[in-house]
Amino acid sequence: MTAEDESRFVEMIFPEQANHYGTLFGGTALALMGKAAFVAASRAVRHPVVMAASERIDFHAPVRVGQMVELVARVERAGRTSLGVAVEMHAESPAGPERRVAVTGHFVMVAVDAAGRPVPLASIPPAA
């Protein structure tokens, strides 16, 4: 695994991403985490990938409207056709130093061919 096996990005949470409690919708959190897993896996293999599974998603703390989230996705393992990706969502206020892990999850991303069928990672030529 290389440094490119980790991807990070920051998103601001706006009211349209929140529920009636003023906190981030769980589905929106999963979508952001899935995107982070996709980017990390794509960068690791430089080949098309799709999500095969989302495994164990834990919501540790609410993310409020007006907070920023940083998503950190790391490729943790490579199988025959799949990559295991861990994703952490950190929440923080733009006005203060407090930062905490809000959501964690694990995703399985699979390398696929043009028809959407799994391909062995060993058959993917290294990126130049």
Side-chain angles (χ1 to χ4, degrees):
M1 304 291 161
T2 68
E4 285 193 346
D5 296 340
E6 178 177 283
S7 294
R8 296 172 174 261
F9 66 93
V10 176
E11 176 94 9
M12 190 74 187
I13 304 306
F14 293 104
E16 64 272 10
Q17 297 168 298
N19 59 29
H20 61 288
Y21 296 113
T23 59
L24 182 64
F25 278 122
T28 303
L30 288 173
L32 291 169
M33 295 174 79
K35 179 179 175 182
F38 168 81
V39 169
S42 295
R43 291 178 77 200
V45 297
R46 299 294 178 183
H47 191 82
V49 297
V50 296
M51 185 186 302
S54 59
E55 302 173 335
R56 184 143 187 130
I57 307 299
D58 292 308
F59 294 86
H60 303 285
V63 178
R64 306 212 176 277
V65 169
Q67 288 189 309
M68 295 181 296
V69 293
E70 180 178 21
L71 292 116
V72 181
R74 291 181 193 89
V75 174
E76 293 190 322
R77 67 161 187 80
R80 193 177 77 75
T81 62
S82 66
L83 297 165
V85 182
V87 181
E88 293 180 345
M89 178 183 286
H90 301 262
E92 62 185 273
S93 169
E98 183 186 336
R99 176 181 162 95
R100 68 185 185 290
V101 175
V103 187
T104 57
H106 290 83
F107 297 82
V108 176
M109 308 302 288
V110 175
V112 294
D113 62 18
R117 293 183 301 261
V119 296
L121 297 176
S123 70
I124 300 170

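Count residues from 1 along the sequence.
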Any idea which heavy atoms bring [X] and [Y] closest together, and the distance?
X	Y	value
A73	V87	CB-CG2, 3.9 Å
G66	M12	O-CE, 2.9 Å
V85	A37	CG1-CA, 3.8 Å
M68	P94	CE-CA, 3.8 Å
V49	A111	CG1-CA, 4.1 Å
G34	M51	CA-CE, 3.5 Å

Heavy-atom distance under 4.5 Å between the side chains of [X] and [Y], does that happen here?
X	Y	answer
F107	I57	yes
M109	V45	no
L121	L83	yes
M33	L71	yes
H47	V119	yes
E6	V72	yes
R77	S82	yes

Rounded distance [0.5 Å steps], [atom1] in [X] versus [atom2] in [Y]:
X	Y	atom1	atom2	result
L30	M89	CG	CE	8.0 Å
D113	T81	CG	OG1	11.0 Å
S7	R74	OG	CZ	10.5 Å
R99	E92	CZ	CD	5.0 Å

Donor-acceptor pair, distance only, cut-off 3.5 Å: does the side chain of D58 make one with the backbone of H60?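 It does not hold such a pair.
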
Co-membership, hydrophobic cluster, residues [X] and [Y], 4.5 Å side-chain:
X	Y	value
V108	V39	no
V63	F9	yes
V101	I13	no

Listed partners of R80 passing salt bridge (Lys or Arg N to Asp or Glu O under 4.0 Å), at least two apart: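 R80 satisfies salt bridge (Lys or Arg N to Asp or Glu O under 4.0 Å) with no other residue.
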
Which residues pass the side-chain hydrogen bond (donor to acceptor under 3.5 Å, both in side chains) test with E88, not counting sequence neighbours?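 Residues passing side-chain hydrogen bond (donor to acceptor under 3.5 Å, both in side chains) with E88: H90.
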
